[in-house]
Amino acid sequence: MASSLVACLRSVGIDMPCVCDVVPLLNVDCVVKALTESLQAPGGGALFCPRRAPTRGVVSCTYEQWFRPYSARRRYCQLPVSGRRMQRFLQFRLGCHGLPVAAGRLAGADHVDRVHRVCTCCSSGAVGDEMHLVFECAALAPLRQRYASLFTVRTDTMRSFFAQQDHLGVFHYVIACFDFMHI
């Protein structure tokens, strides 16, 4: 375990000896500074951005950064919708859906690298992930116009989009996107 910790610290620029699997005392201020600089560096923050996270653990990262509720008071599960439609919506939030990003990940032996899991609805060549569906896919622009009240300067991130007051509107938008994409 000590060698793993030392390897992680070295990856952010902290060089320290590891003798007999024993780590010397850590300067916490130095570690925090190095981690902060690493996150702010170009390409840094991979563990905090689902689009840059390594394949292993990306589903947890996606949920944590894009879908984890800000508050326990606001619950999508309490919406007056059919069970099947709620199931589709929850599958979207949990990463168990038919978007290209998930299909390639779950392909088993036929695993497809993330950069090749592109959107099949538009010609952008972008990875067909949840953020692409909500904000970027050109083929879904008419739906974004139809649900324009959901798209404001205060709802321009995945977390803020799903945390907004109009849960039913967000729900219907995501389901309309799935219907358009035949998912």
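Numbering starts at 1 and runs along the sequence shown.
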Taking the side chain as every heavy atom from C-beta outward, state whether E136 and C119 have any pair of such atoms under 4.5 Å apart.
no

If you round to the nearest 0.5 Å, how far is CE of M86 from OG of S82?
8.5 Å

Please report the interatomic distance CG(L79) to NE2(H172), rounded to the nearest 0.5 Å.
7.5 Å

Pairwise side-chain contact, H167 with F171, heavy-atom cut-off 4.5 Å (strictly under):
no

Heavy-atom closest pair, residues V127 and H132:
O-CB, 3.4 Å

Is the closest side-chain heavy-atom distance between C137 and M181 below 4.5 Å?
no

Pairwise distance CG(L133) to SG(C122) - rounded to 0.5 angstrom:
10.5 Å

Single-linkage hydrophobic cluster, 4.5 Å side-chain cutoff, V118 and V134 together
no

Under a 4.5 Å cut-off applied to non-hydrogen side-chain atoms, are V101 and H97 in contact?
yes

Hey, are the side chains of R146 and L143 touching, using non-hydrogen atoms and a 4.5 Å cut-off?
yes

I'd like to check V81 versus L168 (side-chain heavy atoms, cut-off strictly below 4.5 Å). Are they in contact?
yes

Does S160 use its side chain to pair, donor to acceptor, with the backbone of R154 at less than 3.5 Å?
yes

So, R88 versus Q91: side-chain donor-acceptor pair below 3.5 Å or not?
no

Measuring from F180:CZ to L140:CG, what's the distance to the nearest 0.5 Å?
6.0 Å

I need the single residue from F92, Y147, F162, F135 that forms a ring pair (Phe, Tyr, Trp, His ring centres under 6.0 Å) with Y173. Which is it?
Y147

Between CZ on residue F151 and CD on residue Q145, distance to nearest 0.5 Å
10.5 Å

Can you tell me how far CD of E130 sits from CG of L99, rounded to the nearest 0.5 angstrom?
6.0 Å

Run the salt-bridge test on R117 and D129 with the 4.0 Å N-O cut-off and return the result as yes or no.
no

Quick one, L150 and D166 - any side-chain contact, counting heavy atoms below 4.5 Å?
yes

